[in-house]
Amino acid sequence: QVQLVESGGGLVQAGGSLRLSCAASGRTFSSYRIGWFRPAPGKEREFVAAISRSGGSTYYADSVKGRFTISRDNAKNTVYVQMNSLKSEDAAVYYCAARDHPLLDIRVNKYDYWGQGTQVTVSS
């Protein structure tokens, strides 16, 4: 098993930046693909970004592409998402999740472990 704890959320003005962290404990962190998700209208959660075990492959939702960057430091058991040019529609609770499977996936139900979330508020 792996336990995930998100941090780094807060209040930021539109156009500003935040960096979220997802710290893991438990089984070998580097064996998991990690994704970030947030709630969306009509959905429980929508995909934001994902990263492979080594960090060599990343994938983004169209809505955040070019503004968000996902990265990981396996030595620190942590995944990050740098969020730039934040918009009001980015405001949400952000969750990180771990997937114990060879492939990246954007589907919520393909992730095995979840954190409790961190709130991002964007003021206009």
Side-chain angles (χ1 to χ4, degrees):
Q1 275 197 343
V2 63
Q3 292 78 44
L4 304 172
V5 178
E6 302 93 336
S7 63
L11 173 64
V12 63
Q13 285 190 327
S17 299
L18 279 176
R19 189 178 78 158
L20 305 184
S21 299
C22 173
S25 60
R27 263 191 62 190
T28 305
F29 176 69
S30 59
S31 67
Y32 289 93
R33 285 79 183 161
I34 302 295
W36 284 92
F37 295 82
R38 64 189 184 189
K43 304 178 184 178
E44 181 182 351
R45 292 175 187 176
E46 68 173 2
F47 170 76
V48 174
I51 191 166
S52 63
R53 295 184 304 176
S54 67
S57 295
T58 57
Y59 192 72
Y60 298 92
D62 288 342
S63 59
V64 307
K65 200 173 294 182
R67 300 188 298 121
F68 290 14
T69 303
I70 189 171
S71 61
R72 69 190 297 163
D73 185 340
N74 287 337
K76 295 183 178 179
N77 282 7
T78 303
V79 169
Y80 307 96
V81 59
Q82 177 67 42
M83 307 189 297
N84 298 329
S85 302
L86 282 161
K87 305 176 182 179
S88 57
E89 52 262 44
D90 295 318
V93 177
Y94 282 75
Y95 299 89
C96 68
R99 169 172 163 80
D100 188 7
H101 190 278
L103 300 176
L104 291 178
D105 205 298
I106 69 171
R107 294 170 289 181
V108 171
N109 63 355
K110 297 301 182 182
Y111 285 77
D112 304 297
Y113 306 102
W114 291 83
Q116 294 300 306
T118 186
Q119 176 73 53
V120 171
T121 304
V122 182
S123 64
S124 55

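Quick caveat: nothing in here was measured; it's all calculated off a predicted structure. Reckoned from all heavy atoms, side chains included, excluding hydrogens, waters and symmetry mates.
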Considering non-hydrogen atoms only, spot the tightest contact between [X] and [Y] and give its length.
X	Y	value
W114	V108	CZ2-O, 3.5 Å
A14	S124	CB-CA, 4.3 Å
S57	L104	O-CD1, 4.1 Å
Y32	T28	CD1-O, 3.5 Å
R72	S54	CD-C, 4.3 Å

Rounded to the nearest 0.5 Å, what separation is found between the [atom1] atom of [X] and the [atom2] atom of [Y]?
X	Y	atom1	atom2	value
R67	S85	CZ	OG	7.0 Å
I34	I51	CD1	CD1	9.0 Å
C96	Y113	SG	OH	14.0 Å
L4	N77	CG	CG	10.5 Å
T58	K65	OG1	NZ	9.5 Å
Y94	T118	OH	OG1	10.5 Å

Are [X] and [Y] connected in the hydrophobic side-chain network, where two residues link if heavy atoms are under 4.5 Å apart?
X	Y	value
V81	I106	no
L18	V64	yes
W36	F68	yes

Short question: side chain of [X], backbone of [Y] - any donor-acceptor pair under 3.5 Å?
X	Y	answer
Q116	V5	no
N74	R53	yes
D112	D100	yes

List for me each residue that meets side-chain hydrogen bond (donor to acceptor under 3.5 Å, both in side chains) alongside Q82, sequence neighbours excluded, and say none if there are none.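 Q82 satisfies side-chain hydrogen bond (donor to acceptor under 3.5 Å, both in side chains) with N84 only.
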Partner of M83 by side chain to side chain contact (heavy atoms under 4.5 Å, CB included), out of V120, D90, V48: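 Output: one option passes, namely V120.
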Going by the rule ring pair (Phe, Tyr, Trp, His ring centres under 6.0 Å), which residues pair with Y60 if we only count those two or more places apart in sequence or in a different chain?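 Partners of Y60 under the ring pair (Phe, Tyr, Trp, His ring centres under 6.0 Å) test: none.
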May I ask you to decide if the ring planes of F37 and F47 are parallel, tilted or perpendicular, using 30° and 60° as cut-offs?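 It falls in the perpendicular class, over 60°.
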Just by distance, with hydrogens left out, do R99 and Y111 show a side-chain donor and acceptor under 3.5 Å apart?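 Judged by distance alone, the side chains do not pair up.
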Who pairs with V93 by side chain to side chain contact (heavy atoms under 4.5 Å, CB included), at least two apart in sequence or on another chain?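 V93: side chain to side chain contact (heavy atoms under 4.5 Å, CB included) contacts with Y95, Q119.
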Side chain proximity check, R33 to Y59, heavy atoms < 4.5 angstrom: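 No, every pair of side-chain atoms sits at 4.5 Å or beyond.
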Is the shortest side-chain heavy-atom distance between S63 and R38 below 4.5 Å?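 S63 vs R38: side chains touch.
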